[in-house]
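See below for the structure under consideration.
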Amino acid sequence: CLLTGIRRVQDLCKVLQLPKVCEETAVSYFQRALQHPSFHLVSLEKKELLGGCCVFVTCRQHNWPLTMGTICSLLYAKQELFAGVYLSLQKELELSVPALSLADLVTTHLNSFRLFQHRDDIPAQYVEEKEKMLSRTMQVVELAGETWLVTGRHPVPIVTAAAFLAWQSLRPAHRLSCPLARFCKAAGIDLPPPAHLRLKELLGILLRMASQLAWLRVFKMDKKTVVKHMGDLLQHRVFLLRNAFCLEEEEEQRPVTAPGEGSPGSPPAGGGVAQEEGHPKGRKHQQEGRPGPLLPPCLAKPRKRLRTAAPSASDSAITGDEPISDSDIEQYLRSPEEIRAFKKAKAWR
Amino acid sequence: MDADSDVALDILITNVVCVFRTRCHLNLRKIALEGANVIYKRDVGKVLMKLRKPRITATIWSSGKVICTGATSEEEAKFGARRLARSLQKLGFQVIFTDFKVVNVLAVCNMPFEIRLPEFTKNNRPNASYEPELHPAVCYRIKTLRATLQIFSTGSITVTG
(Lines give C-alpha, C1' and ligand atoms only; values in the text may rest on other atoms or scores of the structure.)
Protein backbone atom coordinates (compact mmCIF):
# COMPACT_ATOMS: atom_id res chain seq x y z
CA CYS A 1 0.00 0.00 0.00
CA LEU A 2 2.86 2.32 0.88
CA LEU A 3 4.82 1.65 -2.29
CA THR A 4 1.75 1.92 -4.51
CA GLY A 5 0.82 5.15 -2.84
CA ILE A 6 4.30 6.62 -3.22
CA ARG A 7 4.30 5.72 -6.88
CA ARG A 8 0.90 7.39 -7.29
CA VAL A 9 2.21 10.55 -5.61
CA GLN A 10 5.24 10.60 -7.88
CA ASP A 11 3.10 10.11 -10.99
CA LEU A 12 0.86 12.97 -9.91
CA CYS A 13 3.88 15.23 -9.43
CA LYS A 14 5.10 14.32 -12.93
CA VAL A 15 1.71 15.09 -14.49
CA LEU A 16 1.69 18.48 -12.75
CA GLN A 17 5.33 19.02 -13.73
CA LEU A 18 6.35 19.85 -10.19
CA PRO A 19 10.03 20.30 -9.30
CA LYS A 20 11.93 17.50 -7.57
CA VAL A 21 11.85 19.20 -4.16
CA CYS A 22 8.02 19.27 -4.24
CA GLU A 23 7.89 15.60 -5.11
CA GLU A 24 10.18 14.71 -2.22
CA THR A 25 8.14 16.80 0.22
CA ALA A 26 4.88 15.24 -0.95
CA VAL A 27 6.29 11.72 -0.59
CA SER A 28 7.56 12.44 2.92
CA TYR A 29 4.14 13.81 3.94
CA PHE A 30 2.50 10.72 2.51
CA GLN A 31 4.80 8.42 4.47
CA ARG A 32 4.14 10.36 7.68
CA ALA A 33 0.42 10.28 7.08
CA LEU A 34 0.29 6.52 6.51
CA GLN A 35 2.22 5.96 9.71
CA HIS A 36 -0.24 8.09 11.70
CA PRO A 37 -2.84 6.00 13.59
CA SER A 38 -5.73 8.13 12.25
CA PHE A 39 -5.10 6.87 8.73
CA HIS A 40 -4.46 3.19 9.47
CA LEU A 41 -8.06 2.07 9.15
CA VAL A 42 -9.40 4.44 6.51
CA SER A 43 -10.86 3.06 3.30
CA LEU A 44 -8.73 2.39 0.24
CA GLU A 45 -10.48 5.23 -1.56
CA LYS A 46 -9.42 7.67 1.15
CA LYS A 47 -5.85 6.36 1.11
CA GLU A 48 -5.74 7.07 -2.62
CA LEU A 49 -6.94 10.61 -1.96
CA LEU A 50 -4.35 10.99 0.78
CA GLY A 51 -1.60 11.04 -1.83
CA GLY A 52 -3.42 13.79 -3.72
CA CYS A 53 -3.84 15.76 -0.51
CA CYS A 54 -0.11 15.54 0.20
CA VAL A 55 0.65 16.86 -3.28
CA PHE A 56 -1.92 19.63 -2.81
CA VAL A 57 -0.41 20.70 0.53
CA THR A 58 3.10 20.67 -0.94
CA CYS A 59 2.01 22.86 -3.85
CA ARG A 60 0.47 25.39 -1.48
CA GLN A 61 3.58 25.47 0.68
CA HIS A 62 5.77 26.10 -2.36
CA ASN A 63 3.39 28.74 -3.78
CA TRP A 64 2.57 26.49 -6.71
CA PRO A 65 -1.01 27.52 -7.56
CA LEU A 66 -3.17 24.45 -7.68
CA THR A 67 -6.87 24.37 -6.97
CA MET A 68 -8.79 21.55 -5.37
CA GLY A 69 -10.92 21.32 -8.48
CA THR A 70 -7.86 20.51 -10.60
CA ILE A 71 -6.53 17.82 -8.31
CA CYS A 72 -9.98 16.26 -7.85
CA SER A 73 -10.40 16.04 -11.61
CA LEU A 74 -6.98 14.37 -11.91
CA LEU A 75 -7.89 11.84 -9.22
CA TYR A 76 -11.51 11.42 -10.39
CA ALA A 77 -12.52 12.14 -6.81
CA LYS A 78 -15.53 13.82 -5.23
CA GLN A 79 -14.62 17.19 -3.83
CA GLU A 80 -16.45 16.58 -0.54
CA LEU A 81 -14.45 13.42 0.15
CA PHE A 82 -11.20 15.08 -0.86
CA ALA A 83 -11.99 18.02 1.40
CA GLY A 84 -12.59 15.70 4.36
CA VAL A 85 -9.29 13.88 3.86
CA TYR A 86 -7.42 17.15 3.34
CA LEU A 87 -8.76 18.69 6.55
CA SER A 88 -7.93 15.51 8.51
CA LEU A 89 -4.41 15.49 7.09
CA GLN A 90 -3.90 19.15 7.97
CA LYS A 91 -5.14 18.57 11.52
CA GLU A 92 -3.39 15.27 12.30
CA LEU A 93 0.01 16.19 10.90
CA GLU A 94 -0.34 19.81 12.14
CA LEU A 95 0.68 21.17 8.78
CA SER A 96 0.82 24.87 8.16
CA VAL A 97 -0.78 25.47 4.78
CA PRO A 98 -0.44 29.01 3.41
CA ALA A 99 -3.39 30.64 1.67
CA LEU A 100 -3.79 30.32 -2.05
CA SER A 101 -2.26 33.33 -3.77
CA LEU A 102 -4.86 34.87 -6.05
CA ALA A 103 -2.22 36.48 -8.25
CA ASP A 104 -0.56 33.11 -8.91
CA LEU A 105 -3.96 31.53 -9.52
CA VAL A 106 -4.75 34.16 -12.15
CA THR A 107 -1.51 33.37 -13.98
CA THR A 108 -2.08 29.61 -13.86
CA HIS A 109 -5.73 29.85 -14.82
CA LEU A 110 -5.00 32.10 -17.79
CA ASN A 111 -2.28 29.71 -18.93
CA SER A 112 -5.02 27.16 -19.59
CA PHE A 113 -6.92 29.56 -21.88
CA ARG A 114 -6.66 28.82 -25.59
CA LEU A 115 -7.16 32.38 -26.76
CA PHE A 116 -3.57 33.40 -27.29
CA GLN A 117 -2.98 31.68 -30.61
CA HIS A 118 -4.95 31.72 -33.82
CA ARG A 119 -7.18 28.72 -34.34
CA ASP A 120 -9.64 27.73 -37.01
CA ASP A 121 -12.57 27.32 -34.66
CA ILE A 122 -12.50 30.83 -33.16
CA PRO A 123 -12.80 34.22 -34.91
CA ALA A 124 -9.56 36.14 -35.36
CA GLN A 125 -10.92 39.03 -33.28
CA TYR A 126 -11.12 36.75 -30.27
CA VAL A 127 -7.39 36.09 -30.13
CA GLU A 128 -5.58 38.25 -27.57
CA GLU A 129 -2.05 38.89 -26.35
CA LYS A 130 -1.39 36.97 -23.19
CA GLU A 131 0.54 39.64 -21.32
CA LYS A 132 -2.09 42.32 -21.92
CA MET A 133 -4.90 40.06 -20.81
CA LEU A 134 -2.97 38.90 -17.76
CA SER A 135 -2.19 42.41 -16.65
CA ARG A 136 -5.77 43.63 -17.04
CA THR A 137 -7.25 40.54 -15.41
CA MET A 138 -4.96 41.03 -12.44
CA GLN A 139 -6.20 44.61 -12.07
CA VAL A 140 -9.83 43.48 -12.18
CA VAL A 141 -9.16 40.78 -9.58
CA GLU A 142 -7.49 43.38 -7.33
CA LEU A 143 -10.54 45.59 -7.74
CA ALA A 144 -12.76 42.65 -6.80
CA GLY A 145 -10.62 42.07 -3.71
CA GLU A 146 -10.93 45.68 -2.62
CA THR A 147 -14.71 45.70 -3.02
CA TRP A 148 -15.59 42.62 -0.93
CA LEU A 149 -16.24 40.37 -3.91
CA VAL A 150 -13.41 37.92 -3.18
CA THR A 151 -13.52 37.28 0.54
CA GLY A 152 -15.54 34.19 1.42
CA ARG A 153 -16.01 33.18 -2.21
CA HIS A 154 -14.57 30.45 -4.40
CA PRO A 155 -11.66 32.05 -6.30
CA VAL A 156 -12.01 30.41 -9.74
CA PRO A 157 -15.38 31.97 -10.75
CA ILE A 158 -14.01 35.41 -9.84
CA VAL A 159 -10.92 34.88 -11.98
CA THR A 160 -13.06 33.62 -14.86
CA ALA A 161 -15.40 36.63 -14.67
CA ALA A 162 -12.44 39.02 -14.37
CA ALA A 163 -10.71 37.44 -17.36
CA PHE A 164 -13.90 37.75 -19.39
CA LEU A 165 -14.27 41.46 -18.60
CA ALA A 166 -10.58 42.09 -19.26
CA TRP A 167 -10.80 40.29 -22.60
CA GLN A 168 -13.92 42.21 -23.64
CA SER A 169 -12.43 45.56 -22.66
CA LEU A 170 -9.30 45.05 -24.79
CA ARG A 171 -11.32 44.95 -28.04
CA PRO A 172 -14.85 45.94 -27.10
CA ALA A 173 -16.06 46.59 -30.65
CA HIS A 174 -15.73 42.93 -31.63
CA ARG A 175 -16.26 41.25 -28.27
CA LEU A 176 -19.12 42.96 -26.45
CA SER A 177 -21.62 40.76 -28.25
CA CYS A 178 -19.92 37.59 -26.99
CA PRO A 179 -21.56 36.18 -23.83
CA LEU A 180 -19.66 34.55 -21.00
CA ALA A 181 -20.60 31.01 -21.99
CA ARG A 182 -19.28 31.44 -25.52
CA PHE A 183 -16.11 33.03 -24.19
CA CYS A 184 -15.45 30.01 -21.95
CA LYS A 185 -16.11 27.65 -24.83
CA ALA A 186 -13.71 29.56 -27.08
CA ALA A 187 -11.08 29.60 -24.34
CA GLY A 188 -11.52 25.88 -23.78
CA ILE A 189 -12.37 26.16 -20.07
CA ASP A 190 -15.35 25.12 -17.97
CA LEU A 191 -17.86 27.77 -16.99
CA PRO A 192 -18.22 27.68 -13.20
CA PRO A 193 -21.85 28.43 -12.26
CA PRO A 194 -21.14 31.35 -9.86
CA ALA A 195 -19.17 33.19 -12.57
CA HIS A 196 -22.39 34.84 -13.85
CA LEU A 197 -23.09 36.28 -10.41
CA ARG A 198 -19.51 37.50 -9.98
CA LEU A 199 -19.71 39.14 -13.40
CA LYS A 200 -22.91 40.92 -12.43
CA GLU A 201 -21.33 42.14 -9.18
CA LEU A 202 -18.19 43.37 -10.96
CA LEU A 203 -20.28 45.25 -13.50
CA GLY A 204 -22.23 46.83 -10.66
CA ILE A 205 -19.01 48.09 -9.07
CA LEU A 206 -17.72 49.39 -12.42
CA LEU A 207 -20.96 51.27 -13.04
CA ARG A 208 -20.72 52.92 -9.60
CA MET A 209 -17.13 53.93 -10.34
CA ALA A 210 -18.06 55.23 -13.80
CA SER A 211 -20.59 57.59 -12.23
CA GLN A 212 -17.66 59.34 -10.51
CA LEU A 213 -15.49 59.75 -13.60
CA ALA A 214 -15.88 63.32 -14.86
CA TRP A 215 -15.83 62.61 -18.60
CA LEU A 216 -18.27 59.71 -18.26
CA ARG A 217 -20.91 61.50 -16.22
CA VAL A 218 -22.52 62.93 -19.36
CA PHE A 219 -23.05 59.47 -20.78
CA LYS A 220 -25.70 57.04 -19.71
CA MET A 221 -23.63 53.99 -18.78
CA ASP A 222 -24.92 50.45 -18.84
CA LYS A 223 -23.22 47.09 -18.39
CA LYS A 224 -22.17 46.99 -22.05
CA THR A 225 -20.87 50.51 -22.45
CA VAL A 226 -19.00 50.58 -19.15
CA VAL A 227 -16.69 47.80 -20.38
CA LYS A 228 -15.40 50.11 -23.10
CA HIS A 229 -14.06 52.47 -20.46
CA MET A 230 -12.60 49.85 -18.18
CA GLY A 231 -9.04 50.95 -18.89
CA ASP A 232 -9.73 54.41 -17.45
CA LEU A 233 -11.72 53.04 -14.55
CA LEU A 234 -8.96 50.65 -13.52
CA GLN A 235 -6.29 53.31 -13.90
CA HIS A 236 -8.07 55.62 -11.45
CA ARG A 237 -9.74 52.95 -9.32
CA VAL A 238 -8.41 54.09 -5.95
CA PHE A 239 -9.79 57.59 -6.42
CA LEU A 240 -13.04 56.39 -7.94
CA LEU A 241 -13.73 53.84 -5.23
CA ARG A 242 -13.18 56.43 -2.55
CA ASN A 243 -15.53 58.86 -4.29
CA ALA A 244 -18.15 56.29 -5.19
CA PHE A 245 -18.53 55.15 -1.61
CA CYS A 246 -17.59 58.21 0.42
CA LEU A 247 -20.94 60.08 0.19
CA GLU A 248 -22.65 57.50 2.44
CA GLU A 249 -19.81 57.84 4.96
CA GLU A 250 -20.54 61.59 5.21
CA GLU A 251 -24.23 60.78 5.76
CA GLU A 252 -23.38 58.37 8.56
CA GLN A 253 -21.17 60.88 10.34
CA ARG A 254 -24.07 63.33 10.58
CA PRO A 255 -26.52 62.62 13.42
CA VAL A 256 -29.04 60.16 11.97
CA THR A 257 -32.10 58.38 13.30
CA ALA A 258 -30.54 54.91 12.84
CA PRO A 259 -29.89 53.16 16.17
CA GLY A 260 -26.30 53.59 17.26
CA GLU A 261 -23.43 54.90 15.17
CA GLY A 262 -21.44 52.76 12.80
CA SER A 263 -17.80 53.12 11.83
CA PRO A 264 -17.35 54.60 8.34
CA GLY A 265 -18.20 52.21 5.58
CA SER A 266 -19.86 49.69 7.90
CA PRO A 267 -23.49 49.00 8.73
CA PRO A 268 -24.90 50.47 11.95
CA ALA A 269 -23.49 48.91 15.10
CA GLY A 270 -25.47 46.55 17.31
CA GLY A 271 -26.95 43.05 17.17
CA GLY A 272 -29.00 41.35 14.51
CA VAL A 273 -32.14 43.42 15.12
CA ALA A 274 -30.26 46.70 14.72
CA GLN A 275 -28.68 45.40 11.54
CA GLU A 276 -32.08 44.52 10.13
CA GLU A 277 -33.26 48.05 10.85
CA GLY A 278 -30.07 49.45 9.33
CA HIS A 279 -30.31 47.63 6.04
CA PRO A 280 -33.77 48.85 5.08
CA LYS A 281 -32.45 52.34 5.82
CA GLY A 282 -29.46 51.66 3.54
CA ARG A 283 -31.81 50.56 0.79
CA LYS A 284 -33.99 53.61 1.37
CA HIS A 285 -30.96 55.83 0.87
CA GLN A 286 -30.18 54.07 -2.37
CA GLN A 287 -33.72 54.56 -3.54
CA GLU A 288 -33.29 58.28 -2.89
CA GLY A 289 -30.40 58.28 -5.43
CA ARG A 290 -27.53 58.29 -2.94
CA PRO A 291 -24.78 55.68 -3.24
CA GLY A 292 -24.84 52.94 -0.63
CA PRO A 293 -21.91 51.95 1.59
CA LEU A 294 -19.21 49.54 0.40
CA LEU A 295 -20.52 46.30 1.88
CA PRO A 296 -20.11 42.63 1.04
CA PRO A 297 -22.93 41.75 -1.41
CA CYS A 298 -24.65 39.46 1.09
CA LEU A 299 -24.97 42.42 3.49
CA ALA A 300 -26.03 44.91 0.81
CA LYS A 301 -28.85 42.55 -0.24
CA PRO A 302 -29.56 40.36 2.76
CA ARG A 303 -31.80 37.35 2.30
CA LYS A 304 -34.81 37.00 4.55
CA ARG A 305 -33.82 35.20 7.71
CA LEU A 306 -36.08 33.32 10.05
CA ARG A 307 -35.63 34.87 13.46
CA THR A 308 -36.07 32.60 16.44
CA ALA A 309 -38.48 34.05 18.96
CA ALA A 310 -36.87 35.80 21.87
CA PRO A 311 -36.93 33.58 24.99
CA SER A 312 -40.02 34.32 27.02
CA ALA A 313 -39.98 34.79 30.76
CA SER A 314 -41.29 31.25 31.31
CA ASP A 315 -38.58 29.77 29.08
CA SER A 316 -35.83 31.56 30.93
CA ALA A 317 -37.20 30.24 34.25
CA ILE A 318 -36.51 26.61 33.27
CA THR A 319 -34.12 24.90 35.67
CA GLY A 320 -34.14 21.43 34.12
CA ASP A 321 -35.40 19.73 37.28
CA GLU A 322 -39.08 20.68 37.09
CA PRO A 323 -41.64 17.98 37.79
CA ILE A 324 -43.17 16.42 34.68
CA SER A 325 -46.88 15.66 34.76
CA ASP A 326 -48.44 12.61 33.09
CA SER A 327 -50.65 14.77 30.92
CA ASP A 328 -47.53 16.32 29.36
CA ILE A 329 -46.28 12.88 28.38
CA GLU A 330 -49.61 11.54 27.07
CA GLN A 331 -49.34 13.77 23.98
CA TYR A 332 -46.26 11.79 22.89
CA LEU A 333 -47.93 8.39 23.12
CA ARG A 334 -50.43 6.91 20.71
CA SER A 335 -53.80 5.78 22.00
CA PRO A 336 -54.71 2.06 21.66
CA GLU A 337 -57.02 2.87 18.72
CA GLU A 338 -54.22 4.71 16.94
CA ILE A 339 -51.86 1.79 17.57
CA ARG A 340 -54.37 -0.63 16.07
CA ALA A 341 -54.87 1.58 13.03
CA PHE A 342 -51.14 1.99 12.62
CA LYS A 343 -50.55 -1.77 12.84
CA LYS A 344 -53.25 -2.33 10.29
CA ALA A 345 -51.61 0.10 7.91
CA LYS A 346 -48.27 -1.65 8.63
CA ALA A 347 -46.75 1.77 8.36
CA TRP A 348 -44.43 1.19 11.29
CA ARG A 349 -42.44 -1.64 9.64
CA MET B 1 -14.14 50.01 16.02
CA ASP B 2 -12.54 52.05 18.82
CA ALA B 3 -11.13 50.27 21.84
CA ASP B 4 -13.06 52.67 24.05
CA SER B 5 -16.43 52.16 22.35
CA ASP B 6 -18.98 50.37 24.43
CA VAL B 7 -20.98 48.22 22.01
CA ALA B 8 -23.08 45.44 23.46
CA LEU B 9 -22.93 42.19 21.51
CA ASP B 10 -25.82 39.73 21.62
CA ILE B 11 -24.64 36.17 21.85
CA LEU B 12 -27.53 33.88 21.05
CA ILE B 13 -27.38 30.18 21.92
CA THR B 14 -29.08 28.40 19.05
CA ASN B 15 -28.42 24.73 19.83
CA VAL B 16 -27.42 22.58 22.79
CA VAL B 17 -26.57 18.90 22.29
CA CYS B 18 -26.74 16.52 25.23
CA VAL B 19 -26.57 12.77 25.79
CA PHE B 20 -27.90 10.45 28.44
CA ARG B 21 -28.32 6.72 28.95
CA THR B 22 -31.37 4.74 29.94
CA ARG B 23 -29.49 1.76 31.39
CA CYS B 24 -31.82 -0.65 29.61
CA HIS B 25 -32.32 -2.08 26.16
CA LEU B 26 -34.89 -0.21 24.05
CA ASN B 27 -37.13 -1.91 21.51
CA LEU B 28 -37.10 0.54 18.63
CA ARG B 29 -40.08 -1.12 16.90
CA LYS B 30 -42.20 -0.70 19.99
CA ILE B 31 -41.20 2.98 20.25
CA ALA B 32 -42.03 3.49 16.56
CA LEU B 33 -45.39 1.78 16.97
CA GLU B 34 -46.60 3.28 20.23
CA GLY B 35 -44.84 6.63 20.24
CA ALA B 36 -46.19 9.72 18.46
CA ASN B 37 -43.91 12.16 16.55
CA VAL B 38 -41.52 9.31 15.84
CA ILE B 39 -39.45 8.50 12.73
CA TYR B 40 -38.02 4.99 12.55
CA LYS B 41 -34.77 4.73 10.58
CA ARG B 42 -34.47 0.99 10.36
CA ASP B 43 -31.49 1.00 8.00
CA VAL B 44 -29.25 2.80 10.47
CA GLY B 45 -30.85 1.31 13.61
CA LYS B 46 -32.20 4.41 15.30
CA VAL B 47 -35.40 6.23 16.08
CA LEU B 48 -35.97 9.99 15.98
CA MET B 49 -38.47 11.39 18.40
CA LYS B 50 -39.48 15.05 18.43
CA LEU B 51 -40.84 16.91 21.42
CA ARG B 52 -42.81 20.13 21.16
CA LYS B 53 -41.98 21.76 24.44
CA PRO B 54 -39.07 22.15 24.64
CA ARG B 55 -38.52 21.90 20.89
CA ILE B 56 -35.95 19.13 20.74
CA THR B 57 -35.19 16.11 18.60
CA ALA B 58 -33.97 12.94 20.26
CA THR B 59 -32.02 10.20 18.50
CA ILE B 60 -32.58 6.91 20.28
CA TRP B 61 -30.51 3.76 19.89
CA SER B 62 -31.48 0.31 21.07
CA SER B 63 -28.46 0.25 23.40
CA GLY B 64 -30.17 2.90 25.48
CA LYS B 65 -28.03 5.80 24.35
CA VAL B 66 -30.03 8.94 23.55
CA ILE B 67 -28.80 12.19 22.00
CA CYS B 68 -30.98 15.31 22.26
CA THR B 69 -30.52 18.33 20.01
CA GLY B 70 -32.37 21.59 19.47
CA ALA B 71 -32.55 23.05 22.96
CA THR B 72 -31.58 26.68 23.45
CA SER B 73 -30.10 26.39 26.93
CA GLU B 74 -28.52 23.71 29.09
CA GLU B 75 -31.47 23.74 31.46
CA GLU B 76 -33.88 23.30 28.60
CA ALA B 77 -31.77 20.43 27.27
CA LYS B 78 -31.94 18.68 30.64
CA PHE B 79 -35.68 19.26 30.91
CA GLY B 80 -36.23 17.90 27.40
CA ALA B 81 -34.04 14.88 28.08
CA ARG B 82 -35.99 14.09 31.26
CA ARG B 83 -39.31 14.42 29.42
CA LEU B 84 -38.08 12.02 26.83
CA ALA B 85 -36.91 9.54 29.45
CA ARG B 86 -40.33 9.82 31.07
CA SER B 87 -42.02 9.13 27.72
CA LEU B 88 -39.93 5.99 27.33
CA GLN B 89 -40.92 4.94 30.85
CA LYS B 90 -44.56 5.37 29.94
CA LEU B 91 -44.01 3.08 26.97
CA GLY B 92 -43.06 0.37 29.43
CA PHE B 93 -39.26 0.46 29.49
CA GLN B 94 -37.33 0.30 32.79
CA VAL B 95 -35.59 3.60 32.16
CA ILE B 96 -33.12 5.09 34.62
CA PHE B 97 -32.03 8.60 33.65
CA THR B 98 -28.21 8.50 34.01
CA ASP B 99 -24.96 9.87 32.57
CA PHE B 100 -26.57 13.09 31.44
CA LYS B 101 -23.94 15.35 29.82
CA VAL B 102 -24.04 18.43 27.64
CA VAL B 103 -21.61 17.69 24.81
CA ASN B 104 -21.91 20.70 22.51
CA VAL B 105 -23.25 24.24 22.57
CA LEU B 106 -23.68 26.32 19.41
CA ALA B 107 -23.91 30.09 19.75
CA VAL B 108 -24.16 32.87 17.19
CA CYS B 109 -22.94 36.42 17.46
CA ASN B 110 -22.86 39.35 15.00
CA MET B 111 -20.00 41.82 14.93
CA PRO B 112 -20.93 45.38 13.95
CA PHE B 113 -18.29 45.40 11.21
CA GLU B 114 -17.18 43.35 8.21
CA ILE B 115 -14.03 41.24 8.36
CA ARG B 116 -11.43 40.82 5.63
CA LEU B 117 -10.84 37.11 5.93
CA PRO B 118 -7.50 36.71 4.07
CA GLU B 119 -5.84 39.38 6.22
CA PHE B 120 -7.42 38.00 9.38
CA THR B 121 -6.07 34.52 8.59
CA LYS B 122 -2.60 35.86 7.87
CA ASN B 123 -2.50 37.65 11.22
CA ASN B 124 -3.84 34.74 13.24
CA ARG B 125 -1.91 31.70 12.11
CA PRO B 126 -1.81 28.88 13.13
CA ASN B 127 -5.15 29.09 14.95
CA ALA B 128 -7.01 30.36 11.87
CA SER B 129 -7.57 28.35 8.72
CA TYR B 130 -9.28 29.71 5.62
CA GLU B 131 -10.12 27.59 2.56
CA PRO B 132 -12.43 29.60 0.31
CA GLU B 133 -12.73 26.62 -2.06
CA LEU B 134 -14.37 24.63 0.73
CA HIS B 135 -16.16 27.05 3.03
CA PRO B 136 -16.75 30.82 3.00
CA ALA B 137 -15.68 31.29 6.63
CA VAL B 138 -12.44 31.23 8.57
CA CYS B 139 -12.18 28.35 11.03
CA TYR B 140 -10.54 29.58 14.24
CA ARG B 141 -9.73 26.97 16.87
CA ILE B 142 -9.12 27.76 20.55
CA LYS B 143 -7.39 24.65 21.86
CA THR B 144 -7.55 25.59 25.53
CA LEU B 145 -11.32 25.97 25.43
CA ARG B 146 -11.82 23.21 22.84
CA ALA B 147 -13.96 25.64 20.91
CA THR B 148 -14.22 26.29 17.18
CA LEU B 149 -15.30 29.62 15.73
CA GLN B 150 -16.56 30.10 12.19
CA ILE B 151 -15.91 33.71 11.23
CA PHE B 152 -17.73 35.09 8.19
CA SER B 153 -16.87 38.20 6.20
CA THR B 154 -20.21 39.73 7.22
CA GLY B 155 -19.07 39.79 10.85
CA SER B 156 -21.24 36.86 11.85
CA ILE B 157 -19.49 34.37 14.15
CA THR B 158 -20.68 30.93 15.18
CA VAL B 159 -19.08 29.27 18.18
CA THR B 160 -19.25 25.53 18.79
CA GLY B 161 -17.66 23.44 21.48
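Proteins come first, then strands; the chains are lettered A, B, ... in the order of their sequence lines, and each starts at number 1. Below, each value reflects all heavy atoms present in this structure, side chains not excepted, and no hydrogens, waters or symmetry copies.
At least one side-chain heavy atom of A:Leu81 sits less than 4.5 Å from a side-chain heavy atom of A:Lys46.
To the nearest 0.5 Å, atom OG1 of residue B:Thr57 and atom CE of residue B:Met49 are 11.0 Å apart. Atom CG of B:Leu84 is separated from atom CD1 of A:Ile329 by 8.5 Å, given to the nearest 0.5 angstrom.
Proximity to chain B is absent for every atom of A:Leu102, based on heavy atoms less than 4.5 angstrom apart. Both the backbone and the side chain of A:Gln331 have a heavy atom closer than 4.5 Å to some heavy atom of chain B. Residue contact with chain A, scored on non-hydrogen atoms closer than 4.5 Å, involves the side chain of B:Arg125 exclusively. Within the 4.5 angstrom heavy-atom criterion, atoms from both the backbone and the side chain of B:Ser87 approach chain A. Contacts of B:Ser129 with chain A are made by side-chain atoms alone, with heavy-atom separations under 4.5 Å and no backbone atom involved. Neither the backbone nor the side chain of B:Lys122 comes within contact range of chain A, judged by heavy atoms closer than 4.5 Å. With a threshold of 4.5 angstrom between heavy atoms, A:Val156 does not approach chain B through any atom at all.
Interface with chain A: from residues 90-98 of chain B, residues B:Lys90, B:Leu91 qualify, criterion being any non-hydrogen pair under 4.5 Å.
Taking the ring axis of A:Trp148 as reference, the NZ or CZ atom of B:Arg116 stays within 45° of it and closer than 6.0 Å to the ring centre.
Per-residue counts of heavy-atom pairs under 4.5 Å with chain A were compared for B:Thr72, B:Leu51, B:Ile31; the largest is that of B:Leu51. For the set B:Asn37, B:Val38, B:Leu117, the count of heavy-atom pairs under 4.5 angstrom toward chain A peaks at B:Leu117. The most heavy-atom pairs under 4.5 Å with chain A, out of B:Gln89, B:Arg52, B:Arg141, come from B:Arg52.
Relative orientation of the A:Phe56 and A:Tyr86 rings is perpendicular, given thresholds of 30° and 60° on the angle between their planes.
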All N/O donor-acceptor pairs, side-chain side in residues 57-70 of chain A, below 3.5 Å, sequence neighbours left out:
unit_1: A:Thr58; atom_1: OG1; unit_2: A:Cys54; atom_2: O; d: 2.6
unit_1: A:Arg60; atom_1: NE; unit_2: A:Pro98; atom_2: O; d: 2.9
unit_1: A:Arg60; atom_1: NH1; unit_2: B:Glu131; atom_2: OE1; d: 3.3
unit_1: A:Arg60; atom_1: NH2; unit_2: A:Pro98; atom_2: O; d: 3.3
unit_1: A:Arg60; atom_1: NH2; unit_2: B:Glu131; atom_2: OE1; d: 3.1
unit_1: A:Arg60; atom_1: NH2; unit_2: B:Glu131; atom_2: OE2; d: 3.1
unit_1: A:Gln61; atom_1: OE1; unit_2: A:Tyr29; atom_2: OH; d: 2.7
unit_1: A:Gln61; atom_1: NE2; unit_2: A:Tyr29; atom_2: OH; d: 3.2
unit_1: A:Gln61; atom_1: NE2; unit_2: A:Ser96; atom_2: O; d: 3.0
unit_1: A:His62; atom_1: ND1; unit_2: A:Thr58; atom_2: O; d: 2.9
unit_1: A:Thr67; atom_1: OG1; unit_2: A:Thr70; atom_2: N; d: 3.3
unit_1: A:Thr67; atom_1: OG1; unit_2: A:Thr70; atom_2: OG1; d: 2.8

